[in-house]
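To start, the structure under review is shown below, and the notes come after it.
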Amino acid sequence: MLPHRVLNVAPQMLNYVLGIVKGYTTRVGSGPFPTEQENEIGAFLAKRGNEFGSVTGRPRRCGWFDAAALKRSIQINGVSGLCVTKLDVMDGLENIQLCVGYKLDGKEVDILPFGSDAVSKCEPIYETLPGWSESTFGTKRWEDLPANAQAYLQRIAEVCGAPVAIVSTGPDREETIVLRHPFGL
């Protein structure tokens, strides 16, 4: 590994792992997807988020944010901070469901279980958060996000156990809010 001064980053940031997630959950292919919305919400997210395969054109499966699944990914991958993309896709939703755990075999669990058989039996436990009517598209400062969008991002961080470091509010590189630079710059 190169010394930190060659990379021009702070030494404490050399082991920083940035987890990149959407403001909602998507999946391709078959298999269990506890928060999938096979309804108008799923269709809304797919259309607004342009959730179609770039090669095949097949629609992606869409659903509410699954914080319990992300919690498992953070644990496995040692994620230090989150980059939440496509927040603007959720503009205009009256309420937003956030999956904070599951009912599995009569018990409540707060993290995705191992194995597709167990995941296929998971029933999501949702918290309902108020949505926002204001546009977040292109927002570049945290202070300019609607209060409910800020609360949604903060709740994701609380449930998952990793801070939100970056928020993407549009497809352009400049449409980004950097709360904590992953390389300490």
Check: Any idea which heavy atoms bring Q97 and T128 closest together, and the distance?
Finding: NE2-OG1, 3.0 Å
Check: Is any side-chain heavy atom of L145 closer than 4.5 Å to a side-chain heavy atom of T169?
Finding: yes
Next item on the list: Could you tell me the separation between the CG atom of D110 and the SG atom of C160, rounded to the nearest 0.5 Å?
Entry: 10.5 Å
Notebook entry, point to check: Heavy atoms, side chains only, cut-off 4.5 Å: are V159 and K71 in contact?
Noted result: no
Next item on the list: Treat each ILVMFWY residue as a node, draw an edge where side-chain heavy atoms are under 4.5 Å apart, and state whether V17 and V167 are in one component.
Entry: yes
Next item on the list: Could you tell me which residues satisfy salt bridge (Lys or Arg N to Asp or Glu O under 4.0 Å) with K121, sequence neighbours excluded, listed by chain and number?
Entry: D105
Item checked: Under the salt bridge (Lys or Arg N to Asp or Glu O under 4.0 Å) test, residues paired with E123 that sit two or more places apart -> none
Check: Who passes side chain to side chain donor-acceptor pair (under 3.5 Å) against E158, sequence neighbours left out?
Finding: R155
Next item on the list: Identify the two heavy atoms, one from P124 and one from P34, that lie closest to each other, and give their separation to 0.1 Å.
Entry: CG-O, 3.3 Å
Margin query: Whether the side chain of N39 engages the backbone of I41 through a donor-acceptor N/O pair (distance < 3.5 Å, no angle test) should be reported.
Written below: yes
Check: So how far is it from M90 CE to W64 CH2, rounded to the nearest 0.5 Å?
Finding: 6.0 Å
Item checked: Shared-cluster residues of I76, by chain and number - hydrophobic side chains joined below 4.5 Å -> F114
Next item on the list: Name all residues meeting the side chain to side chain donor-acceptor pair (under 3.5 Å) criterion together with N95; count only those two or more places apart in sequence or in a different chain, and write none if there are none.
Entry: none
Next item on the list: List for me each residue that meets side chain to side chain contact (heavy atoms under 4.5 Å, CB included) alongside S54, sequence neighbours excluded, and say none if there are none.
Entry: none
Item checked: Shared hydrophobic cluster, V89 / L129 (ILVMFWY, side-chain heavy atoms < 4.5 Å) -> yes
Notebook entry, point to check: Taking only residues two or more places apart in sequence, or in another chain, which ones meet R173 in a salt bridge (Lys or Arg N to Asp or Glu O under 4.0 Å)?
Noted result: none
Margin query: Is there a continuous path of hydrophobic side-chain contacts, each under 4.5 Å between heavy atoms, that joins L18 to I74?
Written below: no
Next item on the list: Mind checking the CG-OH spacing from L87 to Y152? Nearest 0.5 Å is all I need.
Entry: 8.0 Å
Item checked: Set of residues satisfying side chain to side chain contact (heavy atoms under 4.5 Å, CB included) with respect to E36, sequence neighbours excluded -> F33, E38, R61
Next item on the list: Answer yes or no: is there a donor N or O on one side and an acceptor on the other, between the side chain of T35 and the main chain of D66, under 3.5 Å?
Entry: no
Check: Once you round to the nearest 0.5 Å, how far does NZ of K22 lie from OG1 of T85?
Finding: 6.5 Å
Check: Does the side chain to side chain contact (heavy atoms under 4.5 Å, CB included) test come out yes or no for L70 and F65, once each step is laid out?
Finding: CA-CA 9 Å; L70 180 57; F65 194 95; 3.6 Å; yes
Item checked: For P163 against A157, the heavy-atom pair lying closest together -> CA-CB, 4.1 Å
Next item on the list: Consider only side-chain heavy atoms of I, L, V, M, F, W and Y, link residues closer than 4.5 Å, and tell whether V100 and Y126 are in one cluster.
Entry: yes
Next item on the list: Kindly say whether D144 contributes a backbone atom to a donor-acceptor pair with the side chain of T139 at under 3.5 angstrom?
Entry: no
Next item on the list: Under the side chain to side chain contact (heavy atoms under 4.5 Å, CB included) rule, collect the residues that match up with D91, sequence neighbours excluded.
Entry: R48, D88, W132, S135, T136
Notebook entry, point to check: Does S168 have any side chain to side chain donor-acceptor pair (under 3.5 Å) partners at least two apart in sequence or in another chain, and if so, which?
Noted result: none
Notebook entry, point to check: What do the steps show when you test F44 against L93 for side chain to side chain contact (heavy atoms under 4.5 Å, CB included), and what is the final call?
Noted result: CA-CA 9 Å; F44 173 87; L93 290 173; 3.6 Å; yes
Next item on the list: Hey, could you give me the OH/OG distance between Y16 and S80, rounded to the nearest 0.5 Å?
Entry: 6.0 Å
Next item on the list: Applying side chain to side chain donor-acceptor pair (under 3.5 Å), name anything that partners R72, two or more places apart in sequence or on another chain.
Entry: Q75
Checklist line | Contact summary for C62 and L45, nearest pair of heavy atoms | finding: CB-CB, 4.0 Å
Margin query: Same cluster or not: W142 versus V84, using hydrophobic residues (I, L, V, M, F, W, Y) connected whenever any side-chain heavy atoms lie under 4.5 Å apart?
Written below: yes
Next item on the list: Could you check if a side-chain atom of V21 sits within less than 4.5 angstrom of a side-chain atom of I156, using non-hydrogen atoms only?
Entry: no
Notebook entry, point to check: Is the count of non-hydrogen atoms from other residues, nucleotides or ligands lying under 6.0 Å from E94 atom CD greater than 12?
Noted result: no
Notebook entry, point to check: CG/N50 to CZ/R60 distance, rounded to the nearest 0.5 angstrom?
Noted result: 8.0 Å
Next item on the list: Could you list the residues that satisfy side chain to side chain contact (heavy atoms under 4.5 Å, CB included) with V109, not counting sequence neighbours?
Entry: Y102, L104
